[in-house]
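This report concerns only the one structure given below.
Atom set for the values below is all heavy atoms of this structure, side chains included, hydrogens, waters and symmetry mates excluded. Below, chain A is the first sequence line, B the second, and so on; all start at residue 1.
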Amino acid sequence: MKSYAKRYPLAGRRWRQGDGWSVLLLAIVGSVAASAFGACPPTVADGANLVRDGLQLAWRPVIGGSPIAATAIPMARHFAIEVQVCSGATPSGATLAGLDATMPEHRHGMNYRPRIVALGDGRFRAEGMMFHMSGRWQLEFEVQSAKGSSRLFDDVRVR
Amino acid sequence: MTFGFAERIARLVFLGAGLALLSGGPAAAVPIEFTDEEIARIASHGPWPPDWRGDPGNRASGNPAAIWLGQSLFFDARLSANGRVSCAACHRPRSGFQDGRLTARGLARGTRNTPGLLNVRHQRWFGWDGGHDSLWSASLRPILDPREMGGSAARGARLLKSSPSLACHYREAFGKPPSADDPDFLPNLAKAIAAWQETLVSPPTPFDRFREALADKDAAAAASYPQAARRGLRHFLGRGQCATCHAGPLFSNGEFGDIGVPFFVRPAGVDPGRQGGIKRLLSSPYNLLGAYNDDATRGNAVGTRHLRPEHRNFGEFKVPTLRNLTLTAPYMHNGSLASLRDVVRHYSELDEDRLHSDGERILKPLMLSAGEIDDLVAFLETLSPPAPPQPPLPPPGALPCPARR
């Protein structure tokens with residue numbers, strides 16, 4: 001199998017949600033692989049996809065047990081985020097060590113501290129998130145793997 | 001007050017064009033059209049009233065016997081130590097359940113402004129510092145607070161036992177007789193008063209009708225919304241960035257902020273605001289993590305469980321709703337601003353040195369012209385009903401308890 005970096009030449013760059021190529025590539029991969037949440041590698045059905053240090057991370061917001069689009073996170077309501085970490089076609093064995101969000105323009109973060117629950121098979125749920133203002137929020141996922149710690153970022157705009 | 005620079009320019013331009021010959025000044029002649037983006041943001045401030053499904057943490061929520069009991073107790077001064085202070089002494093029905101004072105006065109003088117109680121069921125945190133996480137625990141505090149009512153379980157139980165009708169409604173609501181020795185007794189009283197406060201909802205306002213007309217693209221219905229309010233609404237959403245905090249149907253995100261209102265209290269001291277509120281909340285046996293939360297799933301305690309105390313909480317106060325403000329002057333946590341014009345001036349002339357260095361960065365002095373201040377005030381006034389809502393009917397105490405459904 002080709003190395004990850006060769007298959008995904010943009011890996012290692014900070015990938016933002018909505019990167020057309022990543023979405024396309026992952027959609028193609030996804031159409032081949034099983035698409036249930038938790039299967040590796042993640043697909044667009046698993047939410048926004050981020051890639052770094054040989055890890056693929058998919059995340060999606062969940063409200064009242066139902067997944068919603070990342071663009072539909074409502075302002076000032078509690079929600080959870082489900083995360084899946086893969087390396088290639090298998091769960092990575094890495095753990096989600098932290099998840100936080102800040103508003104860079106306002107220079108503050110959330111009023112709540114999320115708690116991470118491991119669901120098994122490289123899947124995690126962060127509970128107790130809330131974006132209490134409209135504007136740009138930057139999510140920071142801290143993933144701990146055998147190779148060390150990786151930080152993956154994504155941006156969300158809340159209306 | 002002089003006109004702002006932008007307005008003077010606008011006037012000159014209009015004079016040059018000869019349009020100012022028309023009466024009413026330039027702005028009055030121009031209808032304000034909103035962009036699709038603005039209309040979407042306006043839509044986010046409704047519908048009114050928002051969905052509400054009862055309080056899972058309060059077993060008495062929606063229970064008619066409890067609502068009846070709660071209404072009686074709200075107006076009953078006998079709960080207080082001197083027999084003269086009822087909830088309604090400070091939360092007066094005719095003033096949106098506020099008292100018009102700078103700071104509250106019960107058995108002693110308080111340091112905070114009495115908030116109105118209309119739509120209180122939609123809040124997440126209660127008190128200016130969010131020291132309570134449920135409507136019922138916020139209703140228990142004043143009964144016991146020595147500066148407010150100075151009551152006790154013994155006094156409450158005596159009152160209920162002295163009145164067959166109160167005792168009967170208590171039994172019907174909670175399935176047992178009132179007793180000062182029952183640890184549930186005080187929380188139950190508070191839950192009944194909360195159940196009644198849940199019925200206090202303000203009617204739709206001129207803004208709500210305008211919002212609906214925009215959504216329906218009904219130009220005729222939209223036409224009655226005043227031009228000044230339209231201009232004010234545009235400042236509110238745009239340059240003022242007011243909706244960043246004053247969001248949603250309540251015009252509040254339910255969280256906390258520091259907008260540079262002084263937090264010194266006389267004679268010498270400070271009001272720590274949210275910082276003290278978090279401490280108060282987490283040390284209370286009546287918070288939603290405790291034994292008196294009726295939601296067995298604790299699904300209603302997410303906010304309390306995940307609270308994150310921060311340095312910046314010092315001097316933060318709850319973002320208040322902007323509905324019904326014409327009924328609830330004076331404004332701010334300490335009642336320090338007498339009118340809506342004073343509030344808008346506060347934002348216009350904001351003293352940045354007063355804001356926390358680690359505080360909110362979106363607040364900047366807006367430097368509004370006199371006309372722009374008028375417009376924002378005109379807009380804020382459309383968030384209140386044209387006339388005060390009818391005070392609720394006195395409880396029909398004459399009816400025997402079992403006859404009530």
Side-chain angles (χ1 to χ4, degrees), chain A residues 59 61-69 71-83 96-118 124-142 155-159, chain B residues 37-45 50-51 53 122-125 130 237 241-258 274-275 277-278 297-313 316 318-319 355-364:
Chain A
W59 70 270
V62 174
I63 286 194
S66 313
I68 56 166
T71 49
I73 297 176
M75 190 195 343
R77 268 188 66 190
H78 283 289
F79 66 97
I81 284 187
E82 284 180 352
V83 176
L96 181 66
L99 171 54
D100 213 344
T102 55
M103 294 193 91
E105 281 80 17
H106 297 210
R107 290 203 243 166
H108 64 66
M110 293 190 293
N111 289 342
Y112 301 90
R113 182 179 289 129
R115 194 173 54 120
I116 296 168
V117 188
F124 303 87
R125 187 169 55 237
E127 287 164 355
M129 308 275 303
M130 185 200 282
F131 294 159
H132 64 277
M133 284 187 183
S134 56
R136 179 168 79 97
W137 286 85
Q138 185 172 66
L139 281 165
E140 179 178 348
F141 300 86
E142 190 194 335
D155 269 10
V156 179
R157 191 156 272 288
V158 175
R159 326 178 123 253
Chain B
E37 163 72 18
E38 283 170 324
I39 291 175
R41 296 182 63 194
I42 292 168
S44 75
H45 292 286
D51 246 17
R53 303 217 174 94
H122 293 292
Q123 309 240 12
R124 171 168 46 240
W125 301 111
L237 299 171
Q241 298 207 63
C242 313
T244 319
C245 301
H246 296 286
L250 252 74
F251 292 86
S252 166
N253 61 1
E255 294 291 318
F256 302 83
D258 174 4
R274 182 60 174 152
Q275 188 183 70
I278 292 181
T297 71
R298 294 289 185 272
N300 63 349
V302 177
T304 311
R305 194 178 310 122
H306 292 274
L307 270 179
R308 158 168 20 203
E310 299 266 7
H311 284 302
R312 66 177 160 84
N313 296 145
E316 283 184 345
K318 190 166 70 178
V319 178
L355 294 173
H356 266 56
S357 54
D358 56 351
E360 186 55 63
R361 294 304 153 119
I362 61 167
L363 290 166
K364 294 267 176 307

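- How far CZ of A:Arg159 is from CZ of B:Arg41: 8.0 Å, rounded to the nearest 0.5 Å.
- In terms of the salt bridge (Lys or Arg N to Asp or Glu O under 4.0 Å) criterion, A:Arg157 has no residue partners (sequence neighbours excluded).
- Minimum interatomic distance between B:Arg308 and A:Pro114 (heavy atoms only, all atoms of both residues): NH2-CD, 3.9 Å.
- If you tally non-hydrogen atom pairs under 4.5 Å between each of A:Met110, A:Met129, A:Met75 and chain B, the highest count goes to A:Met110.
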Pair B:Glu310, A:Arg113 - check salt bridge (charged side-chain N to carboxylate O under 4.0 Å, His left out), show working. CA-CA 11 Å; B:Glu310 299 266 7; A:Arg113 182 179 289 129; over 6 Å; no
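- Considering only residues two or more places apart in sequence or on other chains, B:Glu255 meets the salt bridge (Lys or Arg N to Asp or Glu O under 4.0 Å) condition with B:Arg124.
- Interatomic distance, CG of A:Asn111 versus CD of B:Glu316, reported as 6.5 Å (0.5 Å rounding).
- For the atom pair OG1 (B:Thr244) and CD (A:Glu105), the distance works out to 12.0 Å, reported to the nearest 0.5 Å.
- The two residues B:Asn253 and A:Met133 come nearest to each other via the heavy atoms ND2-CG, 4.0 Å.
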